2 protein chains.
Amino acid sequence: MPKQTVELTEAEWTIIKAVWQHEPCAAPTIQEKLHRRTEWTYSTVRTIMDRMVAKGLLTAEKIRNLTLYRSAVTRQQAQRGELLYALKNAFNGALTPMVQSLLETGDLSAEELTELESLIKQKKKKTGKK
Amino acid sequence: MPKQTVELTEAEWTIIKAVWQHEPCAAPTIQEKLHRRTEWTYSTVRTIMDRMVAKGLLTAEKIRNLTLYRSAVTRQQAQRGELLYALKNAFNGALTPMVQSLLETGDLSAEELTELESLIKQKKKKTGKK
DNA sequence: AAGATTTCTCTACAAATGTAGAGATTGCAA
DNA sequence: TTGCAATCTCTACATTTGTAGAGAAATCTT
């Protein structure tokens, strides 16, 4: 089975988000896309990407002189990993307090709150049915 | 002003949770408390704790031959830091999808869902009023 | 006071992470 | 075919994190 929970460092998050947007893509592309924000050189980007391949976060395919990268984990998987990390460590696995804390943390508009309510309603229905 | 967002490593989470439970406390105490779970030696625990002092996560007070540690950040602060990290990196700052993902992730009972609903209601009221 | 016990200090080392330069290759353009 | 441009490979180094041993210092016990 594939690795259950992925955890990304901040640099890796930056890279993989760019990859999701542009894949399949080469390292120079990613470097350019990120350069404005990060100031990273080609070498830096390349090193991180190759390490991510080693970890199974990306795949690399060599075509002539070009290495094409693709994501090996979905955004959902990665998000889930991040969530689980926080859940386990910061909240001892307790979801409700985590959601609660999230609600307190942010400036949610009334609309967003309403949206969340309907999400919960849906969820309730599903839970009941299944 | 105090450092705005704290981020803890997994080992640091383990330590600080024990500190919150026992503070003020000495390193040997923490080591004992955690030993069953972590197998860490005194040296390991001590090193982590001292590094945490250097980072401002704990404080240390020396009393004769004893070093007493206390947390320098609250559970809320630490949780918030973890949340913000996930929010920023995994969810590009968008709260709603994060809550959504959280709802999908876990097995929330009907009761918990109801609890969340009332939390949202409260929040709505407050937002409106202020 | 001497031995046993507790706690501390200092040092070390491997792995992971962030960051990047130098020089080799490959491919395209004149 | 020669040279410029794009891309790659390899190596390197500082910092952070995880982990811990060895021996010094303080304290307690008899």
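Treat the numbers as computed from the prediction; the structure is a model and nothing was measured. So you know, we letter chains A, B, ... as the sequences are listed, proteins then strands, and number each from 1.
With sequence neighbours excluded, no residue forms a salt bridge (Lys or Arg N to Asp or Glu O under 4.0 Å) with A/Glu39. In terms of the side chain to side chain contact (heavy atoms under 4.5 Å, CB included) criterion, residue partners of B/Thr67 (sequence neighbours excluded) are, by chain and number, B/Arg46, B/Ala60, B/Lys62, B/Tyr69. With sequence neighbours excluded, the residues that form a side chain to side chain contact (heavy atoms under 4.5 Å, CB included) with A/Leu119 are A/Leu116, A/Gln122, B/Gln100, B/Leu103.
No side-chain heavy atom of B/Gln79 sits less than 4.5 Å from a side-chain heavy atom of A/Met98.
Residues from residues 60-70 of chain B lying near DNA chain C, meaning a heavy-atom separation below 4.0 Å, are B/Lys62, B/Asn65, B/Leu66, B/Thr67 in numerical order.
Looking only at atom types and distance, the side chain of B/Ser109 has a donor-acceptor partner in the side chain of B/Glu112 under 3.5 Å away. B/Thr44 and B/Thr41 are linked by a side-chain donor-acceptor pair at a separation below 3.5 angstrom, with hydrogens and angles left out of the test.
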Which atom pairs, donor and acceptor, lie under 3.5 Å between side-chain atoms of residues 19-30 of chain B and protein residues at least two apart or in another chain?
{"residue": "B/Trp20", "atom": "NE1", "partner": "B/Val73", "partner atom": "O", "Å": "3.1"}
{"residue": "B/Glu23", "atom": "OE1", "partner": "B/Ser71", "partner atom": "N", "Å": "2.7"}
{"residue": "B/Glu23", "atom": "OE1", "partner": "B/Ser71", "partner atom": "OG", "Å": "2.9"}
{"residue": "B/Glu23", "atom": "OE2", "partner": "B/Ser71", "partner atom": "OG", "Å": "2.9"}
{"residue": "B/Thr29", "atom": "OG1", "partner": "B/Ala26", "partner atom": "O", "Å": "3.4"}

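For the pair A/Glu7 CD and C/dA16 C1', the interatomic distance rounds to 13 Å; values are reported in whole Å.
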- Mark up nucleotides 17-24 of chain C, 5' to 3', with B wherever a protein heavy atom is under 4.0 angstrom from a base atom, S wherever such an atom reaches only the sugar-phosphate, and - elsewhere. BBBBBB--
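Note on B/Arg46: every side-chain N or O is 4.0 Å or more away from OP1 and OP2 of C/dT7.
Between A/Lys88 and B/Glu10, at least one side-chain nitrogen of the basic residue sits less than 4.0 Å from a carboxylate oxygen of the acidic one, meeting the salt-bridge criterion.
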